[in-house]
Amino acid sequence: MKNFVITPAKQATAVIKNSNDLFPVRRIYCIGRNYADHAIEMGHDPDREPPFFFQKNPNNVDFSGEFSYPPKTSNVHHEMELVVALKSGGVNISIDDALEHVYGYALGLDMTRRDLQGEMKKMGRPWEIGKSFEQSAPMGPIIPVSEIGHPEAGIINLTVNGELRQQGDLNQMIWKVAEMISYLSEYYELAAGDLIMSGTPAGVGPVVKGDVMVGAIEGIGELVVTVV
Ligand code: MN
């Protein structure tokens, strides 16, 4: 057996509700503009254009309940999302078979350096610097499908310091979970451990140090994250 020349990075993991077992995170795919009212607030046509995706890094997931305000920005936004966790994958997965690959669901925040993302958009450059940074994916525990099934409807919202900022319903997703899995699998080989952040409803906005974000999805639970 060969040895590593440096210590290998720790496997990124996600927590599972009511369990000491861990979910190994392999990749994080995020869909853009998947709720019509959010597409409109970002200045885009809400019509059903083909979906588009970006990625966060597996070790951007964070379960600490704290979000450290990141460097080089003065406009960090919350995006409250349903996270899909895959237990298997493949290529060219049909929409009919897609949900068989889901291990469970969780609440997550796609934290975004909106100012940096905006600059990159303007220049036609990649979004990573706005989307993929330390702790940019605060999450709650994954709840297995065996416990909650496949949620297709239910209020998704986010308050900041008790004030309602984001609200929508899972049934407003332009691209449904099965469609996202199927579409992604045409471009990538999906695999066990992949997470998909399924987009955010309208009402995204900035947070500052000391803010307490409380995200909730009906039937799934609550995610509390303090900005530090
Ligand atoms: Mn998002």
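When a ligand or atom number is given, it counts from 1 through the structure's own listing order. Values below: all heavy atoms of this structure, side chains included; hydrogens, waters and symmetry mates excluded. Counting from 1, the numbers follow the sequence of the chain as shown.
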Pair Asp194 + Arg26, salt bridge at N-O below 4.0 Å: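 The answer is yes: the pair qualifies as a salt bridge.
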Quick one: do Lys56 and Asp110 make a salt bridge, cutoff under 4.0 Å?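 Here Lys56 pairs with Asp110 in a salt bridge, since their nearest N and O are under 4.0 Å apart.
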In [X], which N, O or S atom comes closest to the Mn ion (ligand 1)?
{"X": "Asp110", "value": "OD2"}
{"X": "Glu79", "value": "OE1"}
{"X": "Glu81", "value": "OE2"}

Do you know which two heavy atoms are closest between Ser64 and Gln135, and how far apart they sit?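 For Ser64 and Gln135, the tightest heavy-atom pair comes out as OG-NE2, 3.9 Å.
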Step through it carefully: locate the ring centre of Tyr29, locate the ring centre of Tyr188, and say whether they are under 6.0 Å apart.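 Distance test on ring centres: under 6.0 Å, yes.
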